[in-house]
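In what follows, a single structure is set out as structure tokens and then discussed.
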Amino acid sequence: MALKLNIAQIVAAARGNNDLRETLTGIYNELQALYAQTGSGPIQKIDAAKPRFTGAPPASSFVVTGANGQFTVAITLPQQAAGAAAPANATSAPIYQELSSSPQADFASSVTIYPLSTSTHLVIPAPGQTLYWRLRSSYDQRTFNSYLKQADAVAAGLQSSIAIEKNLSLNQSNFATVDSVADGSSASVRIYGPGGVGTAWTRINGTSSQVIPSGTITNVPYGSNYYVAWDGAQYRLAPSLTQTFPDHWIPVGKVSVIANGSGVVLPTFKAVVSSGAIVAIQIVTAGNDLTSAPTLTITDSTGTGATATCTVSAGSLTGVTVTNAGSGYSSAPAVAASGGVNGGATGGGGATGTNGGRLYADV
């Protein structure tokens, strides 16, 4: 960097030392010659002021989705908007986003305001919550544009142990299955390895590994959601993830023990018979909490050969198709359903199953 000096400053700095004065004077003369040859001069300091904005930025767009007990927020900045004739916010100045949520569509109460951020991708853990979302933006963190609301509420869903199998926030991965089974008036939560119930599982932490034994937690109330942790000697249940964070505890997974009061209800039917053949099967009761189509069994003292298949939607039976009418049936053959629930009416579920560790039980 060129220095802004003169001969008087050099003489004063030398303080009577002729050798130092002559040396500094020589350097000064060489610099002046260099300035003349290159057309340059001493560099002056210029303070670079940040752009000043008197208003709010153009609106950003956003989408919130929910799965595995968390919300994922994707924000599109105005300069990234597709189809714009000219990019808004052409200077690409930082835009601060203020995201907020509420269980109320009008945001009249229970509003949560998240920290201001310039990030365009956010992940917010909130197992079991269903929330409405809105977004507004600012250049200076004081002057904001109008709220942009997402029309429909978003459900985060429940977090099963499969959802936190690769737990990057804790720098660990676990290979445990956490599920629940009905046990009379309460449920039991089971933790086990890939070899099935009663087998150990391996916890990976960086380059090290630890084998942890299987276990069962009894007397777990129905209709509850718990996080499971290993404290070094036994398994423990905690109602929130943060309560599994003591130094020597290892978070394992989460299990949702769900019961609907009356328990799983299988559908009921009435067969329509014409000339000894079953031409249709009417649904009398659609049932609830079905995870797959049940199997139909048609029983009659004389008839044979009839078969039928079922269609399930949102946990209930929506249709029956007669695939073989059979022959010789009386006017009132019995039609019964079996299966169609994960583990049957007395238990089921698991981190690697179809219901993410949930238990449907008749209590």
Value rounded to 0.5 Å, distance of [atom1] in [X] from [atom2] in [Y]:
{"X": "Y226", "Y": "Q243", "atom1": "OH", "atom2": "CD", "answer": "10.5 Å"}
{"X": "L99", "Y": "R134", "atom1": "CG", "atom2": "CZ", "answer": "10.0 Å"}
{"X": "I75", "Y": "L122", "atom1": "CD1", "atom2": "CG", "answer": "5.0 Å"}
{"X": "Y96", "Y": "R136", "atom1": "OH", "atom2": "CZ", "answer": "15.5 Å"}
{"X": "I212", "Y": "I250", "atom1": "CD1", "atom2": "CD1", "answer": "4.0 Å"}
{"X": "F62", "Y": "H121", "atom1": "CZ", "atom2": "NE2", "answer": "15.0 Å"}

With no hydrogens and no angle check, is any side-chain donor or acceptor of [X] less than 3.5 Å from a backbone partner on [Y]?
{"X": "S102", "Y": "S109", "result": "yes"}
{"X": "D231", "Y": "W249", "result": "no"}
{"X": "N324", "Y": "A306", "result": "no"}
{"X": "N145", "Y": "A56", "result": "no"}
{"X": "D140", "Y": "T143", "result": "yes"}

Contact between [X] and [Y] at the side-chain level, heavy atoms closer than 4.5 Å - yes or no?
{"X": "V335", "Y": "T297", "value": "no"}
{"X": "F71", "Y": "P125", "value": "no"}
{"X": "T309", "Y": "L296", "value": "no"}
{"X": "P251", "Y": "F245", "value": "yes"}
{"X": "P103", "Y": "T130", "value": "no"}
{"X": "V272", "Y": "I281", "value": "no"}
{"X": "W230", "Y": "R203", "value": "no"}
{"X": "V279", "Y": "V322", "value": "no"}

Worksheet item: Does the pair T23 and T25 meet the rule for a side-chain contact (heavy atoms from CB on, under 4.5 Å), with working shown?
Response: CA-CA 5 Å; T23 300; T25 300; over 6 Å; no
Which pair of heavy atoms, one from [X] and one from [Y], lies closest together, and at what distance?
{"X": "V320", "Y": "C310", "value": "CG2-SG, 4.3 Å"}
{"X": "T318", "Y": "S313", "value": "CG2-CB, 3.7 Å"}
{"X": "S100", "Y": "Y147", "value": "OG-CE2, 4.1 Å"}
{"X": "D300", "Y": "G328", "value": "OD2-O, 4.0 Å"}
{"X": "S330", "Y": "P333", "value": "O-CD, 3.4 Å"}
{"X": "A153", "Y": "Y132", "value": "N-CE2, 3.4 Å"}

Worksheet item: Can I124 be reached from L135 by stepping across I, L, V, M, F, W or Y side chains whose heavy atoms are under 4.5 Å apart?
Response: yes
Item to complete: Scan V154, V64, V73, L131 and name whichever one has a side-chain contact (heavy atoms from CB on, under 4.5 Å) with S101.
Response: L131
Worksheet item: If you draw a 6.0 Å radius around CZ in F144, do more than 12 non-hydrogen atoms from other residues or ligands fall strictly inside?
Response: yes
Worksheet item: Any chance CG of D106 has more than 12 other-residue heavy atoms, nucleotides or ligands included, within less than 6.0 Å?
Response: yes
Discussion item. Taking the six-membered ring for Trp, are Y114 and W133 closer than 6.0 Å centroid to centroid?
Written reply: yes
Discussion item. Q97 and side chain to side chain donor-acceptor pair (under 3.5 Å): which single residue from S117, S138, S119, S60 fits?
Written reply: S60
Worksheet item: How far apart are the C-alpha atoms of V189 and V178, what are their side-chain angles, what is the distance that settles it, and do they pass the side-chain contact (heavy atoms from CB on, under 4.5 Å) test?
Response: CA-CA 7 Å; V189 172; V178 180; 4.0 Å; yes
Worksheet item: What do the steps show when you test T311 against L317 for side-chain contact (heavy atoms from CB on, under 4.5 Å), and what is the final call?
Response: CA-CA 6 Å; T311 303; L317 201 69; over 6 Å; no
Fill in: side-chain contact (heavy atoms from CB on, under 4.5 Å) assessment of S331 paired with V273
CA-CA 6 Å; S331 60; V273 178; 5.7 Å; no
